[in-house]
Amino acid sequence: MTTDRSRRAGRWRRLPLRVRLIAGFAVAMLVVLTGAGAFVYLRVQYALDRRLDADLTAQSDAVTAALRDGTLGPRNPAVVSGGVYQVLDPTGTILQASPGLAGRPLLTAGQVAAAMRQPVRTDRGTLLPISTEPLRVLASPLYPGAATPAGKPAIVVVAVRRDQRDEALRELIAQLALANLAALAVASLVGYRLARAALDPVERYRAQAARIAGGATGVRLDVPAGDDELARLGRTLNDMLTALDTALERERRFVSDASHELRTPLTLLAAELELALRRPRPAEELEEALRAAATDTAGLITLADSLLAVGVQPAPGPATPVTDLAVAVAPIVQRYRNAADLTDSTLRTDLHPAPPVRIDPAASSAS
């Protein structure tokens with residue numbers, strides 16, 4: 001049972017959202033229209049039944065009065081037009097009846113027993129399928145002393161035909177069915193157009209997002225005018241795309257800066273090693289070149305660590321101390337002189353007066 005329910009739920013979820021919205025809207029409208037139609041039907045049926053019951057009560061009173069007067073007969077004008085009557089004894093035997101009803105009683109044995117205690121109202125024949133003898137029957141008890149036949153208890157049974165009432169209800173059912181189907185079709189069409197209008201911006205968002213996923217840059221969603229949920233969603237997505245473009249541009253700049261920052265130390269390291277291998281050198285010079293290469297390698301490691309930490313919010317710490325720029329630059333300039341066999345006149349610095357600066361020690365050593 002659970003598996004079947006899960007399968008049905010899965011098939012329902014696989015349907016397009018537009019179809020599910022229309023189906024839900026149609027079902028809701030069907031329930032509303034059915035409820036409204038049932039209310040109208042019951043109100044009309046109540047009014048028609050009330051009129052029939054009033055006719056039955058008047059006919060029962062007329063037959064009872066005629067029975068007391070001893071004037072009950074086929075031509076008694078007290079009988080309502082279209083109505084019939086029977087007078088039954090407690091066993092259900094017909095004592096008197098209107099023409100055509102002397103052969104069989106209108107009540108069953110159980111209904112006769114119930115009618116001896118209190119009035120009984122019942123229907124013969126059905127609304128659908130159409131019955132050949134639709135009757136509304138009212139049976140009322142008569143007791144001794146009420147001018148009953150042979151002075152015994154009896155039952156007065158009167159009935160009126162329901163042809164007009166049943167025909168009116170059948171026509172009402174047909175008209176309500178047609179009207180409800182037409183209203184359901186119109187409501188479903190309106191629901192389809194509303195769902196389509198509501199989901200069209202979502203489909204546009206999807207198509208433009210597919211373009212962006214395919215590599216398009218600078219594309220933004222076409223946000224409709226207004227301040228509804230879809231418009232706010234579109235603006236939020238555009239803000240997200242702008243943030244992503246900014247992050248991508250920042251990443252490109254980072255790669256470019258990293259390449260530039262790494263190129264200079266690597267060039268210096270290559271120059272130092274090439275210079276050390278160019279001609280035979282004493283062990284002291286080779287050791288000095290290796291120490292310089294080791295220093296450059298450590299600087300590269302520090303620089304790589306610094307680059308990897310770019311974008312990470314630094315933890316609060318003490319401020320970088322103020323440093324004399326001439327003191328900080330002097331060892332770097334000397335390293336370039338040594339690497340290229342330059343003199344003080346070929347590569348020199350002019351930092352007098354040198355301004356005080358704040359330099360990250362790690363960045364200074366990496367340079």
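Each residue takes its place number in the sequence, starting with 1. Keep in mind that the numbers below use all heavy atoms, side chains included, and drop hydrogens, waters and symmetry copies. These figures come from a predicted structure and were not determined experimentally.
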Point to revise | Separation of Arg121 CZ from Ser140 OG (nearest 0.5 Å) | key: 8.0 Å
Check your understanding: Step by step, would you call Glu133 with Arg104 a salt bridge (Lys or Arg N to Asp or Glu O under 4.0 Å)?
Key -> CA-CA 14 Å; Glu133 193 178 37; Arg104 56 185 178 82; 3.1 Å; yes
With a cut-off of 3.5 Å and sequence neighbours excluded, list every side-chain donor-acceptor pair involving residues 30-47.
residue, atom, partner, partner atom, Å
Thr34, OG1, Leu30, O, 2.7

Review point. Do Leu233 and Met240 sit in the same hydrophobic cluster, where Ile, Leu, Val, Met, Phe, Trp and Tyr count as joined when their side-chain heavy atoms come under 4.5 Å apart?
Key: yes
Practice item. Assess whether side chain to side chain contact (heavy atoms under 4.5 Å, CB included) is satisfied between Val87 and Ile94, documenting all intermediate values. Key: CA-CA 6 Å; Val87 180; Ile94 298 176; over 6 Å; no
Check your understanding: How many angstroms lie between atom CG of Leu248 and atom OG1 of Thr246, to the nearest 0.5 angstrom?
Key -> 9.5 Å
Practice item. Indicate yes or no for a side-chain donor-acceptor contact from Gln118 to the backbone of Pro141 under 3.5 Å, with no hydrogens or angles considered. Key: no
**Study point:** Reported CG-to-CZ distance for the pair Asp123 and Arg162, which is rounded to 0.5 angstrom
**Key:** 4.5 Å
Practice item. Applying side chain to side chain donor-acceptor pair (under 3.5 Å) between Arg136 and each of Asp55, Asp53, Thr122, report the one that passes. Key: Asp53
Check your understanding: Is a side-chain donor or acceptor of Asp166 paired with a backbone partner of Leu127 at a separation under 3.5 angstrom?
Key -> no
Review point. Should Val156 and Val120 be regarded as members of a common hydrophobic cluster, given that ILVMFWY residues are connected when their side-chain heavy atoms come within less than 4.5 Å of each other, either directly or indirectly?
Key: no
Compile the donor-acceptor pairs under 3.5 Å between side chains in residues 197-205 and protein atoms, sequence neighbours left out, one pair per line.
residue, atom, partner, partner atom, Å
Glu203, OE1, Arg206, NE, 3.4
Glu203, OE2, Arg206, NE, 3.1
Glu203, OE2, Arg206, NH2, 2.9
Tyr205, OH, Leu230, O, 3.0

Point to revise | By salt bridge (charged side-chain N to carboxylate O under 4.0 Å, His left out) - contacts of Arg196 (at least two apart) | key: none
Exercise for review: Taking atom CZ of Arg51 as the centre, report whether more than 12 heavy atoms of other residues, nucleotides or ligands fall under 6.0 Å from it.
Suggested key: no
Point to revise | Connected via hydrophobic side-chain network under 4.5 Å: Leu106 and Met116 | key: yes
Review point. Is a donor on one side and an acceptor on the other found under 3.5 Å between the side chain of Arg124 and the backbone of Pro134?
Key: no
Study note, to complete from the structure: Minimal heavy-atom distance between Gly125 and Ser131, with the atoms involved, is CA-OG, 3.3 Å
Check your understanding: Donor-acceptor pair, Thr93 side chain versus Asp89 backbone, under 3.5 Å?
Key -> no
Exercise for review: Check whether Met29 and Ile22 end up in the same hydrophobic cluster, where Ile, Leu, Val, Met, Phe, Trp and Tyr are linked by side-chain heavy atoms less than 4.5 Å apart.
Suggested key: no
Point to revise | Ion pair Asp245/Arg220, N-O distance below 4.0 Å | key: yes
Review point. Are Val223 and Leu244 connected in the hydrophobic side-chain network, where two residues link if heavy atoms are under 4.5 Å apart?
Key: yes
Review point. Counting heavy atoms not belonging to Glu249, are there more than 12 under 6.0 Å from its CD?
Key: yes
Practice item. Answer yes or no: is there a donor N or O on one side and an acceptor on the other, between the side chain of Arg232 and the main chain of Asp227, under 3.5 Å? Key: yes
Review point. Heavy-atom distance under 4.5 Å between the side chains of Leu138 and Val157, does that happen here?
Key: no
Review point. Would you say Gln208's side chain and Asp222's backbone share a donor-acceptor pair under 3.5 angstrom?
Key: yes
Review point. Is any side-chain heavy atom of Ile155 less than 4.5 Å from a side-chain heavy atom of Val112?
Key: yes
Revision key, fill the gap. Separation between CG (Leu241) and OG1 (Thr236), nearest 0.5 Å, reads 11.0 Å
Review point. Can you tell me if CZ on Arg211 sees more than 12 non-hydrogen neighbours from other groups inside 6.0 Å?
Key: no
Review point. Taking C-beta and beyond as the side chain, do Leu17 and Arg20 meet within less than 4.5 Å on heavy atoms?
Key: yes
Check your understanding: Would Gln96 and Leu67 satisfy side chain to side chain contact (heavy atoms under 4.5 Å, CB included), going step by step from the backbone distance to the final call?
Key -> CA-CA 10 Å; Gln96 286 182 268; Leu67 186 60; 3.5 Å; yes
Point to revise | Heavy-atom check, side chain of Val137 versus side chain of Val158, under 4.5 Å | key: no
Check your understanding: Hey, is Glu167 close enough to Arg161 for a salt bridge, meaning N to O under 4.0 Å?
Key -> no
Exercise for review: Calculate, to the nearest 0.5 Å, the distance between atoms CG and CG belonging to Leu221 and Leu237 respectively.
Suggested key: 5.5 Å
**Study point:** Which atom of Ala26 lies closest to which atom of Leu184, heavy atoms considered
**Key:** O-CD1, 3.4 Å
**Study point:** Residues, nucleotides or ligands: over 12 heavy atoms within 6.0 Å of Gln164 CD
**Key:** no
Practice item. Evaluate the side chain to side chain contact (heavy atoms under 4.5 Å, CB included) criterion for residues Leu169 and Leu48: first the C-alpha distance (whole Å), next the side-chain angles of each, then the deciding distance (0.1 Å), finally the verdict. Key: CA-CA 9 Å; Leu169 291 179; Leu48 295 175; 3.9 Å; yes
Check your understanding: Is the backbone of Val84 close enough, under 3.5 Å, to the side chain of Gln59 for a donor and an acceptor to pair up by distance?
Key -> yes
